[in-house]
Novice: 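My questions all concern the structure below.
Worth knowing before you read on, the calculation uses all heavy atoms, side chains too, and leaves out hydrogens, waters and symmetry mates. Residue numbers begin at 1 in each chain, while the letters A, B, ... track the order of the sequences.
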Amino acid sequence: MSFLHLHGLRKAYGNVTAVDGIELAVAVGSRTAIVGPSGCGKTTLLRLIAGFEAPDAGSIVLYGTELAGNGDVVPAHRRGIGVVAQDGALFPHLSIADNIGFGMKRDEDARDERIADLAYVVGLDRGILKRRPHQLSGGQQQRVALARAMARKPRLMLLDEPFSALDTGLRASMRKAVAELLEQAGIATILVTHDQAEALSFADQVAVMRDGAFSQVGAPRDLYLRPKDRMIAEFLGDSIILPARISSGIAECAIGHIGADSTSPRDVARIMLRPEQVFLEPASRADVANTPPNVVFGEIIEAEFAGSVSTVALRVLNSLDPPDAAVIGNHPLILRRSFVDAPTVGAIVRISVHGKAHVFDGTA
Amino acid sequence: MTPSSAEYHPSRPSTPAAAWSRLLPTSWIAVAAVLVSLFALLPLGFIIWVAIQTGWTSVAQLVFRPRVGELLVNTLSLVILVVPITALLSVALAWLTERSDLPGARFWSGLSVAPLAVPAFVHSYAWITLFPSMHGLFAGVLISVIAYFPFIYLPVAATLRRLDPALEDAAASLGNTPWRVFLRVVLPQLKLAVLGGALLVGLHLLAEYGLYVFIRFDTFTTAIVDQFQSTFNGPAANMLAGVLVVCCLVLLALEAMLRGGERYARVGSGAARTAVRTSLGRATVPCLALPLITASLALGVPFLTVGRWLVAGGAGVWNLDVISLALWQTLVLALGGALLTVAIAIPMAWLSIRRPGPLPRLLESCNYIVGSLPGVVIALALVTVTVRVAMPLYQTVATILAAYALMFLPRALVSLRASIAQAPVELEQAAGSLGRSPLRALWSTTVRLSAPGAAAGIALVGLGITNELTATQMLAPNGTRTLAMAFWAMSNELDYAAAAPYALIMVVMSLPLTWLLYVQSRRMAGR
């Protein structure tokens, strides 16, 4: 059941339209990630939902209450929406305990115990409560900011790139911890980030944002495997995009005949594969000469070893009459993935594809 | 590994050169700060020396008498009434001009700084010639508030502009109404600015002479000058100054106590976004009344009065030869004194922010105490010292500049300290890690970032010197006649019309400095 609805949301600063006609529904207790390059308007959108700014047009409805629309705006302090800002925005003049308790009533029962509980929940040591924000590490500051926002028991939590200031290892563990924590508390979350891996791993619903509008909204898996266009595909991860001909559910392309996720026949189309769908098996020149039908071979022309993940560039040796063979001829196939035994330059490999190729709409 | 491998690691801290270079900046700066403080202690030492010479019985006789009690009540009433009123007025004006959509906010902001261009005794002159019967505490409070509120307005407005609005957003999302956000988040962060400004106002109240003479309100300072004029170098004046020093100590202790050890540099990364101005809505018109009334009292009255006297005096009061000489002398003294003062304040300010501890606190207090002494006491000390020890320096430009430095150190310190506090130490460390030697790291980060504060300090000190009267009269080389001296001489002869051109010139001269101060305080805030 959705409890937050954004409808036709629009916000401009002078001539620059930061948010341009956003539609979004957020389910109770769910996690939504808004991902896009910097400057796409995602932070502005978050600020509109939080109530720090008023939209020029459109409406925000939370549990049937209109927070913004028709010129009426419910101010941030009456929305009951938690916010964790990029750098935590802890109050430098207050202790950690007072930061966490900032949103509580001053005479609230067992205030100190609740503060201690919240600190415990977000994984902070009790001893830290008497300290000042500047004495804490970035990760600790973020935990305090989260505890502070949770103290209000919000129904919705907005996270504005809260992990971007943390180092890689800490970022992943914080992300997981925060996701679990908010799920247990039954708080729906909207995360804004420019990191697609973060968005995909965190959310049940991902919205890709570009130039103030959502390009595509959907489940992470759907978005990753069935992006609407090339830009979304490449934004969400490495992709191999090939020209193809589609007939009876098969995509005919430079690296063979691959099952397609679209059955409508088309002479000119583009398909997308993720690197992990493409497998390379060792082969020899002799195999290429005796090529069986519908088997494609390639030669490794570049190889870069980088630990768990390696990158290889390969030239297709016996392309199966693609509609646009020149593209492959000029541009070698680049594959970045993990190999048990990464092929070296000059090696001949047999190319096979697992799963279905995604066919882009139109000629994207 | 070769045996001489240590030579390949010149940055190893174990080598003596490296150890020395790590110690260098702090110790050098500390030495400089101690030297400045020792110099600053000269007048204080003079008073103590006089007290010892006078003997305890005479001291007790001079201090414990009804006249001193009366002066104490007057002076303290002034401080207790003026400081909170100025603070309230300044914070309200600063919020209206910086954080609300008040029509013409920039214009009102400029007008809230402009009263600095009018010397305190010119304010008093303006009121007394308009309402000749004005006198006593009420008049003192009114004119003091009007003359000194920009000292709090300036730092508060600058701090308001710099505050990270993300904190206010966070507080709002935690369920606080805008008013509560202001009380709980904004106001505490203005504390340093308000306290710094309030201390400055308090010290001015203790040290001002001309303002209170006009309205016949006796404070310690006016009493000391009276004593000095009647008995030249008498112990009575020095003992009153001793009580005044105690008052300053109390103010300093209060400020230090309230200031605490909090860090006010922004926590977190990235640049702060611009604050959204609060919409006043229907309150706009009543809110406009505050800057309007303040500006009318602080600027309208002086301009009206000076204008009236100028019209009354006609062309006869403009003796250009005399006036241009006074102008030139004032300019030279103001600029020289300001540069000297800020230069010697830098080590002290840096130390008190970067290496806070008992020693810097003590040194800083010494500077504040001396800076809060009335000009006449500092002048008296310098007269005695030069006459007894360094006769060639008696009544030279060097001595008068030294007096200015002693008097206006607190102004330079407050400006410098506030801006150094805003330059995070991490930048200095980053410059160090990029291969700058400690002193060069200091220069390329903290000094650069606090340059606006230094410029503000120079302007503030220059303004102070332009309007300084008593010490200049006593210490300046023979034949010196600054604008303030000329103005004072004329008004003492009740020739208000002849005094008016000097008042006008002092105001006009102070305007560029005031404008610079205003611009720099905006730039300091980054916009």
Novice: Counting only heavy atoms from other residues, nucleotides and ligands, does the tally under 6.0 Å from CZ of B:Arg277 exceed 12?
Specialist: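 More than 12 within 6.0 Å, yes.
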Novice: Please state whether the side chain, the backbone, both or neither of A:Arg152 comes within less than 4.5 Å of a heavy atom of chain B.
Specialist: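 For A:Arg152, the side chain is the part near chain B, not the backbone.
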Novice: Looking only at non-hydrogen atoms, find the nearest pair between A:His93 and B:Arg184 and report the distance.
Specialist: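 Answer, listing the atom of A:His93 first, then B:Arg184: NE2-O, 2.9 Å.
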Novice: To the nearest 0.5 Å, what is the distance between OG (B:Ser173) and CZ (A:Arg148)?
Specialist: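 The distance works out to 7.0 Å.
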Novice: Could you state the interatomic distance from CZ (A:Phe102) to CG (B:Leu174), rounded to the nearest 0.5 Å?
Specialist: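 One gets 7.0 Å once the value is rounded to the nearest 0.5 Å.
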Novice: Can you establish whether the number of heavy atoms outside B:Asp101 located under 6.0 Å from its atom CG is more than 12?
Specialist: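 Above 12, so yes.
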Novice: I need the minimum non-hydrogen distance between A:Leu90 and B:Leu167, along with the two atoms involved.
Specialist: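 Looks like O-CD2, 3.1 Å.
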Novice: Tell me whether A:His7 at atom NE2 has more than 12 heavy atoms from other residues, nucleotides or ligands lying less than 6.0 Å away.
Specialist: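 Check fails, neighbour count at 12 or below.
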Novice: Looking only at heavy atoms, what is the nearest atom pair of B:Ala170 and A:Ala89, with distance?
Specialist: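 Looks like CB-O, 4.2 Å.
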